[in-house]
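In this text the structure is predicted, and so the values were computed from the model without any measurement. We're numbering straight along the sequence, starting at 1.
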Amino acid sequence: MERRRGVPGGWPCLLAALGALLAAGRAAAPRARFSPFFFLCTHHGELEGDGEQGEVLIALHIAGNPAAYVPGQEYHVTISTSTFFDGLLVTGLYTSTSVQASQSVGGSSAFGFGIMSDHQFGNQFMCSVVASHVSHLPTTNLSFVWIAPPAGTGCVNFMATATHRGQVIFKDALAQQLCEQGAPTEAPLHPHLAEMHSDSVILRDDFDSYHQQELNPAMWSECSNCEVGGHCGVIMHGNAATFCEPYGPRELITTGLNTTTASILQFSLGSGSCRFSYSDPSITVSYSKNSSADWTQLEKISAPSNISTIIHILYLPEDAKGENIHFQWKQDYVLAGDVYEACWALDNILIINAAHRKVVLEDNLDPVDTGNWLFFPGATVKHSCQSDGNSIYFHGTEGSEFNFATTRDVDLSMEDAQEQWTEEFESQPKGWDIFGAVIGTECGTLESGSAMVFLRDGERKICTPYMDTTGYGNLRFYFSMGGTCDSGESHENDVILYAKIEGRREHIPLDTLTYSAYKVPSLVSVVISPDLQTPATKFCLKQKSHQGHNRNVWAVDYFHVLSVLPSSMTHMIQFSINLGCGTYQPGNSVSLEFSTNHGRSWSLLHMECLPEICAGPHLPHSTIYASENYSGWNRITIPLPNAALTSDTRIRWRQTGPILGNMWAIDNIYIGPSCLKFCSGRGQCTRNGCKCDPGFSGPACETASQTFPMFISESFASSRLSSYHSFYSIRGAEVSFGCGVLASGKALVFNKDGRRQLITSFLDSSQSRFLQFTLRLGSKSVLSTCKAPDQPGEGVLLHYSYDNGITWKLLEHYSYLNYHEPRIISVELPEDARQVGIQFRWWQPYHSSQGEDVWAIDEIIMTSVLFNSISLDFTNLVEVTQSLGFYLGNVQPYCGHDWTLCFTGDSKLASSMRYVETQSMQIGASYMIQFNLVMGCGQAFTPHMDNQVKLEYSTNHGLTWHLVQEECLPSMPSCQEFTSASIYHSSEFTQWRRITVLLPQKTWSSATRFRWSQCYYTAQDEWALDNIYIGQQCPNMCSGHGWCDHGVCRCDSGFRGTECQPENPLSSTIMSDFENPDTLKTEWQEIIGGEIVKPEEGCGVISSGSSLYFNKAGKRQLVSWDLDTIWVDFVQFYIQIGGETSSCNKPDSREEGVLLQYSNNGGINWQLLAEMYFSDFSKPRFVYLELPAAAKTPCTRFRWWQPVFSGEGYDQWAIDDIIILSEKQKHIIPVVNPTLPQNFYEKPAFDYPMNQMSVWLMLANEGMTKNESFCSATPSAMLFGKSDGDRFAVTRDLTLKPGYVLQFKLNIGCTSQYSSSAPVLLQYSHDAGLFWSLVKEGCYPASPGTKGCEGSSRELSEPSVYHTGDFEDWTRVTIVIPRSLAARYSAL
């Protein structure tokens, strides 16, 4: 993609002169010929165009893809654009070959974005009209014949200007550059890569640098049956040493080399376009000393069996290091009478010199320092793509199979790495899986002290414990194989490094530690990629195979992990890149990679890690550069990750897209210690510090000669994108009504292909505090043109940068799941986002295609005062009077709060409504209101008076008022949730209480007011407000456990985090029988309108004993404390609503029933769990409810609520024996010891309180004065005779198996007189007590069928029903658990 540039300064006159030509023109005939005529022009590179079309893609294709033009020759040219045009003018801007086309790479380029610098071509250039076209039929392409200019003209830059319906689409966009054949700039500088014994290499030969396609005799002493050339096509680049002779020996031998400081031998081997074979013998790589005929094998390599070229890296042993060392490549002999079937070739042979380690690599390529580079196949070093001097230019021509540039190894090691976790193996580590190893120094010292040495028989493997790697980016350890121990002999002895994520079966390979590469202990540094950054990942090393005890021994030491980036950002890489060189080349991309093992394995320098997709540290970019974002020269600056900071790190730029026809270039490379603040993104880093761009100065280029705007306010009224000077980049968007009205009028809608982002210009935010805007991510309607995102990664990220885009810090993430309605968002700027030269970016990382996953933004404001927000604690009277108006109220201390808005005093003015009213403010989606309210401060309000406080709103400046929340009750249609109105009764607010309300859509307007009012009152009906907040809601509204302050939560005690989640796990259990009034407040958070009554009071016995009875005026509800319900399965209780007595009379409408609700956000919103219908519970009923998945959270509360009743003494209800029980607390009998731990004689189990007994779930009417009123004194027992009503004992759920035994002792009534009334039943339930069955059914001779009888029909038994008279004394009962009972969890 090409950025639009400004027209030459002389163009206004030119356009006027050509006006008649274009007006009278006809549609150009196919292949119209255009012969150049010349005129003087200027060019200043100013951005023009109306921008309505967004980004426009331009491609100019010249038939045959000539690298240069021949003067006077005709060329067929086709120009294509991504949008329609009806007028097109193509001009040629000519530059002398002796003049560089650009003066410098400007400071406007940014990390991660395709923003071209403003290259000045200078003044008084020669221009010509190349082609002109005008037509009434719009088109997207034009073909013509271009006649090249005369010899000596120089390079021509094709510049295009297009119009559509009178509007300029783009002006003077650079489409392509073509230079004259034979011109000085056309002769490429091919660097001399063949060298020996330099600071960087011992030997290097690309077989292209010696004349006449011969071997360099200084490097090669012997070559049997080999030729230098392109006989097998391209192996890596250009020529290669090729072996195709079918008879005789095939070998290549170097001259004597001094390898004392050598480290590795590297070469490329393949068959190229020649025939390959599956049966040809192997190729052996060997070395000899002092011209000896004795050759020592380094490696045996299979002959090529496919067309791929393989880069081989061989680590040189100590024995191969010395003076006068020769290396040999030799193919083994074929059998007598056979011939070699295939060819093979060698290219890019390299032996690295490790003696001179560079700590800085700096190269502007003028001229190129070949010591900085190993190879760059597919490239030449030349002035190209309007580069600043030379660049490494990849021309994309046929035959370039490999396009990459590799630096030499650079020493980037850190002095003080900040390890996150370490293991040094000085003692046996805990939690590790280790096989076949001992701790010791059998292989010497690796890092320090002892190491883990793998020398035993059998499996040899080591695995770290599972660990939370979400904050890690680099795994390091020291490794050796051989050395003072027995070394490996083949790749069968290699050690595999892999990772394993808990819960997944597959092993994720990370590296192969080859047997010959680690004879000297070396540091292994491996990237922990984003897909491995999980809460439970472990790393393992495993040897493929070995030959037994003390053979092929290896050792590891000092395992440690580091963060992704070092805290001090010690090192950096900086370079300029140009993809496409001015033409549109879809699919062209380049990856920036690094290797810490001499090129054996490569990793991306950075991999992006984004919210919803990755659990690791946020990283908003990867080092993959696509042509759509990096057309034109861009300076890239990147802090190096920990994984790349080793003593032997090399960097590689590798083309990953299609090569043919895709050009790219790199220039001005710096790798080394970071310059101060990365030169603030406004300068070139050098070994001497920052070289600042024009307009910037200071040690870190931090001082700008210009001032930046301190305020931004943009409402997107114009459709011309180029008119928005407050924005540096607008990509993938249009100004339209595509997502409706967000704030007012049109909005900026992101619905196009390609990158979607909005970046502000540089701003001075030092005096600002907030960034505010309206955002929408799609629509809920499936018919809308504003189609909502539906996949992770399709949300919008808000970043800020203070270094010209080198680093983007995350401010907020707007999830694809939310924001389907317009929301006003207010973001408080962190401290480092308040400075000069700040930029903000809204960016959608992924989307499906044009028109999909649409989002829109409007009303962007950066300001020091938050608009449309009120936040008052009444300590500042000026703020109070600016925001509120109130009548009959005073700002004063009240009810324990220092400053409040209080409504107190006598009732002389009771005929006047007293109220507080806000100023008009703009309210939109995601706004909330939060305040503290108290009514009476413990003093009772006047009864039978409408003295409640109402919260209302007005959208017409106070003419009419409506409740913020209308009541929504069961009988009302279209209720999404049942809730009370925003009318507050004194019974609920006797003490200060926080109210949080998400403002409904009906309150949204550009001028909304809110009012708290009290219409009727007496002197005792006092109330007060405090801590009023109206504004952007906090995350999840602080879960109901914190105060919202400008979008940020201030959590209550015991809660923490951005959403105020519990600091510690909450209780999971409620077991309340309402027998003890003293424990009521500890068991329940809120009881309004209810009290504990005796069995003979209220509604009588509900389950057993006392009950909780609701009879009072005001509000009637029972609210639990927040519970951890993740493992809770059910809620059960007994309830009665109304009855036949005056103290428990029947309700007469559906609203007078009782609702059971749950809330996951501290009572802000209530979801229905069950409705107890008003007419179905006139007698006590047992209710059992399974919890839905939505109610299983770490913080859920429950509420029993009667929405409507006729007043005190009417529509009463009562509840008893509420049980909420966690699955983790259910009692499971172990199989190995299936006996209940209750021994009545040895252990007085029932002397302990009931809540300490793990077996019993419920006991009803249990208890007497201990053993005194029963028939005889006994050891501890459970006695049931406390009061009228059911008497029972219920176990928790038990796991039973057939054959288990149930045994207990029973005494009924202490009498021998038989009675068939009120027997004791032994029953079981499989459904948590909803239905009960006898443990043992009666089995009599006349029993019908055998359903209740197990075994043969002659095995008779009585049911588990026990009558008075049969159990005068303590009698042991033993029952074998039947199969029907043992099928599932059972309660007895």
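In terms of modelled atom types and a separation under 3.5 Å, the side chain of Ser801 and the main chain of Gln839 share no donor-acceptor contact. Using modelled atom types, no side-chain atom of Thr470 and backbone atom of Gly616 make a donor-acceptor pair closer than 3.5 Å. With Thr380 contributing its side chain and Lys382 its backbone, the two residues share no donor-acceptor pair below 3.5 Å. Judged purely by atom type and a 3.5 angstrom limit, Ser622 has no side-chain atom pairing as donor or acceptor with the backbone of His606. A donor-acceptor pair is defined here as one N or O able to donate and one able to accept, closer than 3.5 Å; no such pair exists between the side chain of Asp363 and the backbone of Val368. The closest donor-acceptor contact from the side chain of Asn804 to the backbone of Gly681 lies under 3.5 Å. Side-chain atoms of Ser765 come within 3.5 Å of backbone atoms of Ala833 as a donor-acceptor pair (strictly under, hydrogens ignored). The backbone N or O of Arg682 lies less than 3.5 Å from no partner atom in the side chain of Ser680, so there is not a single donor-acceptor pair. Between the side chain of Ser413 and the backbone N or O of Ser647 there is no donor-acceptor pair closer than 3.5 Å.
Not a single salt bridge (charged side-chain N to carboxylate O under 4.0 Å, His left out) links Asp667 to another residue, sequence neighbours left out. Under the rule for a side chain to side chain contact (heavy atoms under 4.5 Å, CB included), the partners of Val526 that lie at least two apart in sequence or sit in another chain are Leu497, Leu510, Val524. With sequence neighbours left out, the side-chain hydrogen bond (donor to acceptor under 3.5 Å, both in side chains) criterion links Thr646 to Thr649. Considering only residues two or more places apart in sequence or on other chains, Lys691 meets the salt bridge (charged side-chain N to carboxylate O under 4.0 Å, His left out) condition with none of them. Judged as a ring-ring contact (aromatic ring centres under 6.0 Å, His included), and not counting sequence neighbours, Phe594 has no contacts. Glu612 pairs by the salt bridge (charged side-chain N to carboxylate O under 4.0 Å, His left out) definition with nothing, not counting sequence neighbours. Take Thr1058 and apply the side chain to side chain contact (heavy atoms under 4.5 Å, CB included) test, not counting sequence neighbours, and it matches no residue. Residues that satisfy the side-chain hydrogen bond (donor to acceptor under 3.5 Å, both in side chains) test with Asn474, not counting sequence neighbours, are Arg476, Ser525. Annotation: side chain to side chain contact (heavy atoms under 4.5 Å, CB included) contacts of Asp531 (sequence neighbours excluded): Ser529. Looking at residues two or more places apart in sequence or on another chain, you find a side chain to side chain contact (heavy atoms under 4.5 Å, CB included) between Cys1034 and Cys1038, Cys1044, Cys1049. With sequence neighbours left out, the salt bridge (charged side-chain N to carboxylate O under 4.0 Å, His left out) criterion links Asp409 to Arg650.
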Trace of the ring-ring contact (aromatic ring centres under 6.0 Å, His included) decision for Phe575 with Trp653: CA-CA 11 Å; Phe575 60 95; Trp653 290 260; 5.3 Å; yes

Verdict with supporting geometry, His725 and Phe727, ring-ring contact (aromatic ring centres under 6.0 Å, His included): CA-CA 5 Å; His725 303 296; Phe727 297 100; over 10 Å; no

Criterion ring-ring contact (aromatic ring centres under 6.0 Å, His included) on Phe394 and Phe376, from CA distance to verdict: CA-CA 9 Å; Phe394 294 84; Phe376 30 80; 7.5 Å; no

Test log, rule ring-ring contact (aromatic ring centres under 6.0 Å, His included), inputs Trp842 and Phe773: CA-CA 11 Å; Trp842 292 262; Phe773 52 94; 5.4 Å; yes

Side chain to side chain donor-acceptor pair (under 3.5 Å) between Ser726 and Ser761, worked out: CA-CA 5 Å; Ser726 298; Ser761 300; over 6 Å; no

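Here the shortest heavy-atom pairing between Leu610 and Pro845 reads CD1-CB, 3.4 Å. Taking every heavy atom of both residues into account, Asn588 and Leu579 meet most closely at O-CD2, 3.7 Å. Of all the heavy atoms in Phe678 and Ser674, the pair that sits closest is CE2-OG, 3.6 Å. Residues Trp633 and Cys385 approach most closely at NE1-O, 2.7 Å, considering heavy atoms. Pro673 and Met572 make their closest contact through O-CG, 4.2 Å (heavy atoms, listed as atom of the first residue, atom of the second, distance).
The side-chain heavy atoms of Tyr670 and Val360, taken from C-beta on, include a pair separated by under 4.5 Å. Counting heavy atoms from C-beta outward, Trp373 and Ile392 have side chains that approach closer than 4.5 Å.
Side-chain contact annotation: Gln574 with Thr637, donor-acceptor N/O pair under 3.5 Å present. For Gln835 and Asp764, the side-chain atoms include no donor-acceptor pair closer than 3.5 Å. A donor and an acceptor atom, one from each side chain of Asn597 and Ser595, are located under 3.5 Å apart. For Tyr814 and Glu812, the side-chain atoms include at least one donor-acceptor pair closer than 3.5 Å.
Note on Asp693 versus Arg635: salt bridge recorded, some NZ/NE/NH1/NH2 to OD/OE distance being below 4.0 Å. By the 4.0 Å N-to-carboxylate-O rule, Asp648 lies too far from Arg408 to be salt-bridged with it. Under the 4.0 Å criterion applied to side-chain N and carboxylate O atoms, Asp832 and Lys809 are assigned as salt-bridge partners. No salt bridge links Arg755 with Glu628; every basic N to acidic carboxylate O contact stays at or beyond 4.0 Å.
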Show me, pair by pair, the donor-acceptor contacts under 3.5 angstrom made by side chains of residues 695-711, not counting sequence neighbours?
residue, atom, partner, partner atom, Å
Glu702, OE1, Ala700, N, 2.8
Ser705, OG, Gly695, O, 3.2

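Aromatic rings of His799 and His813 (six-membered ring for Trp) have centroids beyond the 6.0 Å cut-off, not under it.
Judged by the 6.0 Å and 45° rule, Arg652 forms a cation-pi pair with Trp602. The cationic atom of Arg756 (NZ for Lys, CZ for Arg) does not lie both less than 6.0 Å from the six-membered ring centre of Phe750 and within 45° of the ring axis.
Within the model, atoms CG of Leu811 and CG of Leu829 stand 6.5 Å from one another, a figure rounded to the nearest 0.5 Å.
Each of Cys675, Cys679, Cys685 was compared with Cys690 under the disulfide bond (SG atoms under 2.5 Å apart) criterion, and only Cys679 meets it.
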